There are 2 protein chains.
Amino acid sequence: MDERKKQILKAVVEDYVISAEPVGSKSLIERHNLGVSSATIRHEMADLEAEGYLEKPYTSAGRIPSDKGYRSYVDELLEVGELPRTQAIAMRTMFKDSLVELTDLIRQATAVLSAQNDYVSLALTPKYANSRLRQVKLLMIEPGKVLVVVVLAAGLVKDRLVRISDQISGEQLDRLGKAIEEGLAGKKLSDITLVTVAGTVSGQPLADGLLNQVIYEAYVSIKQAEHLDLYVEGTHRLLAQPEYRDVDKAHRFMRALGEEKTIAGYIADLPAADDLACGRYLVRIGQEITLDGFEDTSFITSTYCVNGEVYGQIGVIGPRRMDYGRIISQIRFINRQLHEATSDAPHISKDNHEA
Amino acid sequence: MDERKKQILKAVVEDYVISAEPVGSKSLIERHNLGVSSATIRHEMADLEAEGYLEKPYTSAGRIPSDKGYRSYVDELLEVGELPRTQAIAMRTMFKDSLVELTDLIRQATAVLSAQNDYVSLALTPKYANSRLRQVKLLMIEPGKVLVVVVLAAGLVKDRLVRISDQISGEQLDRLGKAIEEGLAGKKLSDITLVTVAGTVSGQPLADGLLNQVIYEAYVSIKQAEHLDLYVEGTHRLLAQPEYRDVDKAHRFMRALGEEKTIAGYIADLPAADDLACGRYLVRIGQEITLDGFEDTSFITSTYCVNGEVYGQIGVIGPRRMDYGRIISQIRFINRQLHEATSDAPHISKDNHEA
DNA sequence: AATTAGCACTCATTGCTGCCGAGTGCTAAC
DNA sequence: GTTAGCACTCGGCAGCAATGAGTGCTAATT
């Protein structure tokens with residue numbers, strides 16, 4: 001693809017992102033000074049279409065970028081700039097880094113991101129499967145009710161309230177908690193099984209039935225610490241996008257967005273999730289997304305890191321016709337904010353099992 | 001209003017609920033055998049309009065019920081029946097009463113309710129201002145990070161992770177927690193102030209600065225136990241309603257639905273919230289709702305009670321043209337499910353401060 | 001006095017028409 | 001290789017008539 005074709009593709013994408021209307025040869029030369037006439041542009045655009053970078057909605061309309069066109073734009077033509085000052089200030093203002101809890105901070109980052117651009121934004125809490133267990137506490141709340149607190153080395157605290165026979169006393173629970181903690185502290189979450197939990201309390205003087213209850217609940221609580229939470233913000237903003245003037249289309253998409261488990265699973269498995277380089281971003285366009293209902297949207301996700309060691313994904317979902325450059329710099333910015341907020345005054349990673 | 005007028009009003013409301021189209025005299029006698037001609041109906045409808053029960057969108061259209069018409073329908077004409085068997089079975093199937101935590105149970109009830117009818121459903125966690133404090137625990141997670149656990153007599157457990165100077169040891173924290181608990185247990189949440197908290201630890205041998213940190217965090221944690229959580233489910237379903245074929249209207253409404261704090265406040269202050277009779281329901285129609293953006297919707301809310309003592313609100317929001325009878329029996333049903341699920345095997349009321 | 005049949009009238013909706021304009025591809029000239 | 005010119009395409013919009021479901025009113029009927 002020669003230089004001029006690139007310029008034209010870039011111009012088409014950028015105009016289409018703004019107008020949401022197919023862009024024609026004449027309007028192209030009006031907005032960009034390409035130094036050639038519209039007829040030349042027409043030739044070039046016909047070529048670009050033949051090569052699959054552009055599409056025509058109908059015979060005599062202008063062109064819109066195809067998935068391949070967007071891909072090429074994102075990979076080769078887009079130079080991501082710094083965030084404009086006014087936007088940076090706006091975002092910083094919304095971003096209160098006084099929040100103590102990591103969950104709140106991430107959630108807020110998601111909200112800020114979504115508020116800045118009429119797209120949906122979302123964040124996924126870190127994967128903790130490789131994290132190590134640090135503490136387990138069993139706290140008697142009242143006879144029969146026990147709060148299980150699990151603390152990971154990464155700083156995450158999750159807790160869970162369970163019912164356990166009231167024949168177990170507070171002291172016994174305390175002792176059992178200590179035994180489990182002692183036996184499992186330092187182990188990777190993924191290495192902990194029902195059997196290893198059972199092993200830690202085998203010597204305890206307690207009826208098997210009661211012991212099993214405790215083992216089971218402790219195990220489930222530990223396992224739940226791995227659980228991924230997805231925060232989705234700004235779904236309603238999509239309705240401001242021209243592509244969703246069609247209510248049925250909007251409805252289908254919103255329903256798909258409601259499948260949080262599916263989305264969380266998909267995002268967690270994206271290649272970027274394993275690549276631990278902080279701030280790396282990944283763009284998925286249209287058909288590249290193998291997720292029902294997302295065929296004509298785009299994802300931009302990025303790995304964030306907090307406290308210098310745990311990683312999650314934060315990103316934006318919108319129509320394919322998205323302002324990629326703008327979003328990417330916003331995501332970078334919020335990522336940096338997240339990093340700063342957690343590094344100068346280490347934030348606390350607390351979470352819980354609510355989905 | 002004579003008997004025939006009532007019948008006609010009822011018929012108009014019911015037809016309109018089904019069709020979402022203004023209903024005319026002729027189509028009325030087709031669907032209901034009222035024993036009179038369309039001309040008579042026309043006379044009666046003109047009267048009903050003059051009295052404010054019906055409205056005409058434009059001169060030569062059929063009639064639609066006004067707020068007053070709906071009100072009259074709900075208060076006088078509607079007989080709420082039992083839920084049809086198939087629906088009851090469907091709902092029971094979706095409702096897993098194996099859930100241990102109250103929060104999950106309520107959230108699930110909301111989801112089930114919404115899934116049964118294309119409206120938005122929502123639930124508000126109980127008000128705890130009158131509840132009494134039972135336990136306060138300060139748990140050292142790591143130096144500088146403390147988990148504050150607050151337990152109310154009603155069974156609610158809330159916890160919160162805070163940063164507190166690492167100069168305080170685990171034992172000191174434990175002792176402070178015990179002192180606070182001892183001093184405040186049995187007190188109503190609304191009676192606890194920063195001063196009363198401070199009073200409980202006044203004798204402790206600790207630097208003022210450190211002590212103040214603990215007092216402040218404990219106080220905030222206790223206060224946060226009062227915090228109301230709102231669960232909203234099924235916003236996207238609204239897009240299936242003909243009234244929201246208009247994307248802008250849908251957008252405005254969804255934006256309004258995003259103001260969870262405002263909605264929570266409004267619902268918590270509804271008269272039914274104070275009237276502690278379980279299962280009582282309240283219908284708010286159109287302009288009766290003094291909440292921005294909800295002028296042409298209706299609320300049906302109901303007080304639920306769990307464990308026989310704590311109360312919250314569960315309800316449905318939809319277009320005014322709502323199947324009131326159906327929704328009310330659904331809400332009753334889910335309310336009963338909620339009650340049963342928590343009474344035969346007392347459920348645990350755990351909650352936390354995430355908004 | 002209440003009911004009803006009949007009728008003229010209203011008005012949103014639908015389908016049709018023709019026009020406009022922004023777009024195209026092609027050809028021939030530069 | 002570029003461009004001017006031109007015929008052609010096609011969605012969008014304005015205008016218009018026909019349709020039909022509705023109304024209110026009047027006069028006849030019970």
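Within every chain, numbering begins at 1; the chains are lettered A, B, ... in the order of the sequence lines, protein sequences first and strands thereafter. This structure is a prediction, so every number in the text was calculated from the model and none was measured.
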Chemist: With distance as the sole criterion, do the side chain of A:Ser60 and the base of C:dT24 form a donor-acceptor contact below 3.5 Å?
Modeler: no

Chemist: Looking at B:Arg252 and B:Asp292, does any basic side-chain N land under 4.0 Å from a carboxylate oxygen?
Modeler: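 Salt bridge absent between B:Arg252 and B:Asp292.
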
Chemist: Can you pull out the residues from residues 2-16 of chain B that lie within a 4.0 Å heavy-atom distance of DNA chain C?
Modeler: B:Arg4

Chemist: Can you give me the closest heavy-atom contact between B:Thr303 and B:Asn335, atom names plus distance?
Modeler: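 Answer, listing the atom of B:Thr303 first, then B:Asn335: O-ND2, 3.4 Å.
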
Chemist: If the condition is side-chain hydrogen bond (donor to acceptor under 3.5 Å, both in side chains), which residues does B:Ser298 pass it with, not counting sequence neighbours?
Modeler: B:Tyr324

Chemist: Phosphate oxygens OP1/OP2 of D:dC10: is one of them under 4.0 Å from a side-chain N or O of A:Thr59?
Modeler: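 So the side chain of A:Thr59 is within the cut-off, an N or O lying under 4.0 Å from OP1 or OP2 of D:dC10.
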
Chemist: Mind running a 4.0 Å heavy-atom check of residues 32-57 of chain B against DNA chain C and sending the residues that fall below it, in number order?
Modeler: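 By residue number: B:Val36, B:Ser37, B:Ala39, B:Thr40, B:Arg42, B:His43.
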
Chemist: Please enumerate all residues that pass side chain to side chain contact (heavy atoms under 4.5 Å, CB included) together with B:Ser329, with sequence neighbours excluded.
Modeler: B:Val80, B:Leu83

Chemist: Figure out the CD1/P separation between B:Ile64 and C:dA12, and round it to whole Å.
Modeler: 14 Å

Chemist: For the residue pair B:Arg237 / B:Ser114, report whether a side-chain donor-acceptor contact shorter than 3.5 Å exists.
Modeler: yes

Chemist: In plain terms, say whether B:Arg63 and B:Glu49 are close enough for a salt bridge, that is, a side-chain N and a carboxylate O under 4.0 Å apart.
Modeler: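 So B:Arg63 pairs with B:Glu49 through a salt bridge.
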
Chemist: Please enumerate all residues that pass side chain to side chain contact (heavy atoms under 4.5 Å, CB included) together with B:Glu30, with sequence neighbours excluded.
Modeler: B:Lys26

Chemist: Determine all donor-acceptor pairs shorter than 3.5 Å in which one atom belongs to a side chain in residues 53-62 of chain A; sequence neighbours excluded.
Modeler:
none

Chemist: Who are the salt bridge (charged side-chain N to carboxylate O under 4.0 Å, His left out) partners of A:Arg4, not counting sequence neighbours?
Modeler: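 Salt bridge (charged side-chain N to carboxylate O under 4.0 Å, His left out) list for A:Arg4, sorted by chain: A:Glu44.
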
Chemist: Would you tabulate the nitrogen or oxygen pairs shorter than 3.5 Å linking the protein to nucleotides 17-19 of chain C?
Modeler:
none

Chemist: Grab the OH-C1' distance between B:Tyr58 and C:dA12 for me, whole Å please.
Modeler: 5 Å

Chemist: So, for A:Phe294 and A:Tyr266, is the gap between ring centers shorter than 6.0 Å?
Modeler: no

Chemist: Restricting to nitrogen or oxygen on both sides, can you table the protein-nucleotides 17-19 of chain D pairs closer than 3.5 Å?
Modeler:
none

Chemist: Any salt bridge linking A:Arg71 with A:Glu76? Criterion: basic side-chain nitrogen under 4.0 Å from a carboxylate oxygen.
Modeler: no

Chemist: Using a 4.5 Å cut-off on heavy atoms from C-beta on, say whether the side chain of B:His32 contacts that of B:Lys10.
Modeler: no

Chemist: With sequence neighbours left out, what residues match B:Tyr73 under ring-ring contact (aromatic ring centres under 6.0 Å, His included)?
Modeler: none

Chemist: Just to verify, what does A:Asp118 make a salt bridge (charged side-chain N to carboxylate O under 4.0 Å, His left out) with, not counting sequence neighbours?
Modeler: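 Residues passing salt bridge (charged side-chain N to carboxylate O under 4.0 Å, His left out) with A:Asp118: none at all.
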
Chemist: Taking DNA chain D as the partner, which of residues 20-28 of chain A come within under 4.0 angstrom of it by heavy atom?
Modeler: none

Chemist: Between C1' on D:dT9 and CZ on A:Arg63, what's the gap in Å once rounded to a whole number?
Modeler: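 Distance, rounded to whole Å: 13 Å.
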
Chemist: Salt-bridged, B:Lys249 to B:Glu243, with N to O below 4.0 Å?
Modeler: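 Looking at B:Lys249 and B:Glu243, the cut-off is not met.
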
